[in-house]
Amino acid sequence: MRVRSLILRIVRQFFHDKRTLALMILAPLLILWLVALIFNGNTYHPKIGAVDIPRHIVVSLDNQGAVVQSYSSNAAALNALSLQKLDAAISFAGGVPHITLEGSNPSKSKTVLLLVQKVLLQPANPAPSQMQPPVIRYLYGSATMSSFDNFGPVLIGVFAFFFVFLIAGIAFLKERTTGTLERLMATPLRRWEMVAGYVVGYGIFTMVQACLIAWFAVGVLGMMMNGQFLYLLSVTLLLSMTALTLGTLLSAFANSEFQMMQFIPIVIVPQIFFSGLFSVDNMAPWMRRLSEIMPLYYGADALRNVMIRGKGFSAIWPDLCVLLAMSLVFMALNVFALRKYRKI
Amino acid sequence: MYGEQTSQIQPGIKVIHVDKRFGKVSVLKDITMEVKANEVFGLLGPSGSGKTTLVKLIAGMAEPSNGEVYVSGVRMPNLNMLNNIGYMAQSDALYSELTALENLAFFAALVGLNGAVRKQRIEEVMQLVNLANFLKRPIATYSGGMKRRLSLAIALLHRPQMLILDEPTVGIDPVLRKSIWDELRNLSQSGTTILLTTHVMDEAEKCTRLGMIRDGQMIAVGAPDELKQSTGSQTLEDAYLVYGGVRK
C-alpha cells in the first residue's frame, strides 16, 4: 500500500536524522525539567529579616536553612524587603509573630511559611496552644497564587504542541522545497494518501513523545496527578495530533524553514497566552473568546481537569472532540491545499 | 480527428492547442505536437522557454489552461496513467537523509513494485546507471552527477511505456552520457516512448525528432537533419536562430 510505504520512509528518515528525533522527544523533557527545577526547587534558602525576636528562634530558623539577618526596626526590615534583599520579615507584637512576605514568587513564599511554622511549633517554644497563630501579610501577591502544580499541566500541552508543530511543519515544507513533493505528484500517490501517510508516520513519533512527556512529568518530576494516566496520555496525544496537522497545513504558506519559524510568534505564542498560563480575566470579553479557536486552550483545559481536579472522561470528552475535529479539519484543508501541486 | 475509441489504443503523446497561464503570465502558447511510439523526441530550448512546464503537463502534474493532452490515448491528467509514465524531474527530487536503496524502495513501492521483483529491478536499474556499488550510501554523500543518475534509475524502475526526462544528462560525464544514450535507444527500440528536454545542441542531434521551443511557442518540429536542411544551416544552433527569427 502506498500510504504504508510513505510511513516507512518517514520512519527511516527519522532514524537517519537522530538529532531531530532527539529534539522532538527529549527537548520537551529537558525544558519541563528546567521549569520544575526553577519552581519546585527545595534547596532554596530563604532570606529572612528578624526584627527584635528571641535569640532561640533566630538560631532555629538558621538551623532550618534560613539566612537570618537582624534589623533594628520594622521600617528598616520592610525597606530591605521592598528592595528584594529579603524574602520575609518577622517581628513580634504583643507576643504574636508578624510575618511579612515579599510574596511575588509563590514558591518562595511557601518555603518561608513552611519553615517559620516549623520553627514556631518546636518544643523549645511555648506550647502551641499558648502560641498565637502568626499574622501573615503579603507585600506583593497573595496566598492563592499559582505554582508549578497549577501551570505544569499547561506546560505539558505547550511543549508537546510546540515541538510537534515545528518539526512536522518543517519536514513537510522540506518536501516542497526539495522538489520531492512535486516528484511524488508524478506518481499515482493520491493527495489524501500523502496527508494520511504524514499523519501516521509522524503520529508514531508523536505517540512516543506524548508517552515520554506524560511519564516524565508525573513519574520523574512528581507533578500533581489526581486523574487517570490514560486520560493524560490521550489528551497529550490528541493535542500533538492537532499540532501535527496544523503544522503540515501551515507549511503550505511558508516558502522556507525561516518562514516556518515566523509562525511561532503568530501561531504558538498567542496560544500560550490564552492557554491558562496567564489570567485572561482582565481582558475584554470579546478578546477572551479568541481562546475558543485555539487548540492549546482545549488541551490545557482537559489536562488541568485530569491532573489537578482528577476528573474523568465525562469532563474531558468535549475538549477531546474539539481537538479531534480540529485535526480532521486541518487534514482536509491540507488535502485541498495540495491541489496547488496536482489537481487530481 | 479520430474518435475516442481509436485514440485509446494509440500509443504516444498528443498535445493539441495547449495554452498554459500562471495568473496573467502566459508560459505556453498554442502548442500542438505529437510524439510517436518508439521515438526519442527532444524538446530543445533555452531555460525559461517553457520546456519544463510542457513536460509537466504531459506527465500529468499540471492541467493546461486551454487545449488537451493525451498520453496513450488517455486524456491527462489521469492518476492511473501515472503508473505507465517514468518521470525524471529537472531538480533531483531525492530524500537526502536516506540511502539510495531506501529512496529506490520508496519510489518502487509507490508505483506498485514489491518483494522479489522490486529487489531485482532495483539491482537492474542501478547497474544500468553504474551506481550498483553505492546502494547503501546516503544521498547526502552523492555528487551532482550521481544524483542525476539515481533520478534516472528511479524513473526506469517500473519499466514505464513512456519516459519523460527533464534535462537528464546535466552534470554527467561524457562516457556515462554515451552509455545512458545507448540505453535510451535500446528502450526506444523495445517500444518505450521517450520525451526529453535539453538545451545542449549535440545532445539534440541524437534525437529522432526535435521540437524547438522559444518563449512558450513551438517554432519548429522535425528530424535534426530536416531542420538543418530546410534552413540551410550547418548546425542545429544556426537552425534554431533562423526559426527564432534572429537570423535570416
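Each chain gets a letter, A, B and so on, in the order its sequence line appears, and its residues count up from 1.
- Heavy atoms from other residues, nucleotides or ligands lying under 6.0 Å from OH of Tyr297(A) number 12 at most.
- By number of non-hydrogen pairs under 4.5 angstrom with chain A, the leading residue of Ser91(B), Ala89(B), Ala140(B), Pro77(B) is Pro77(B).
- Considering every non-hydrogen atom in both Ala109(B) and Ser5(A), the closest pair reads CB-CB, 3.3 Å.
- Two residues are said to be in side-chain contact when any heavy atoms from C-beta on lie closer than 4.5 Å; Arg12(A) and Thr99(B) fail this criterion.
- Counting non-hydrogen atoms of neighbouring residues, nucleotides and ligands closer than 6.0 angstrom, the CZ atom of Arg289(A) reaches no more than 12 such neighbours.
- Looking at His16(A) and Tyr95(B), their side chains never come closer than 4.5 Å, going by heavy atoms from C-beta outward.
- When each of Arg9(A), Gln13(A), Arg183(A), Met185(A) is scored by its heavy-atom pairs under 4.5 Å with chain B, the top score falls to Arg9(A).
- For Glu124(B), the side-chain contact (heavy atoms from CB on, under 4.5 Å) partners two or more places apart in sequence, or in a different chain, are Gln120(B), Arg121(B), Arg159(B).
- Of the listed residues (Arg2(A), Arg4(A), Lys174(A)), the greatest number of heavy-atom pairs within a distance under 4.5 Å of chain B belongs to Arg2(A).
- Counting heavy-atom pairs closer than 4.5 Å to chain A, the top residue among Met81(B), His158(B), Glu102(B), Gln90(B) is Glu102(B).
- Looking at heavy atoms from C-beta onward, Thr187(A) lies out of side-chain contact with Phe106(B) at the 4.5 angstrom threshold.
- Interface check for chain B: of the options Leu6(A), Leu181(A), Asp17(A), the most heavy-atom pairs under 4.5 Å are formed by Leu6(A).
- Proximity to chain A is limited to the side chain of Ala105(B), based on heavy atoms less than 4.5 angstrom apart.
- Neither the backbone nor the side chain of Ile164(B) comes within contact range of chain A, judged by heavy atoms closer than 4.5 Å.
- Each of Glu175(A), Met1(A), Glu193(A) has some count of heavy-atom pairs under 4.5 Å with chain B, and the biggest count is that of Glu175(A).
- Taken from CD in Glu97(B) to CZ in Phe14(A), the straight-line distance is 10.0 Å, to the nearest 0.5 Å.
- The choice from Asp92(B), Leu98(B), Asn103(B) that makes the most heavy-atom pairs within less than 4.5 Å of chain A is Leu98(B).
- Taking both residues in full, the closest heavy atoms of Leu184(A) and Leu110(B) are given as CD2-CD1, 3.3 Å, listed atom of the first, atom of the second, then distance.
- Crowding of Lys119(B) atom NZ: a count of heavy atoms from other residues, nucleotides or ligands under 6.0 Å not exceeding 12.
- Considering Asn78(B), Asn84(B), Ile85(B), Asn83(B) in turn, Asn83(B) is the only one that fulfils the side chain to side chain contact (heavy atoms under 4.5 Å, CB included) rule with Pro188(A).
- Tyr341(A) touches chain B through its backbone: at least one of N, CA, C or O sits under 4.5 Å from a heavy atom, while the side chain does not.
- The contact between Glu63(B) and chain A is made entirely by side chain atoms (from C-beta outward), counting heavy-atom distances below 4.5 Å.
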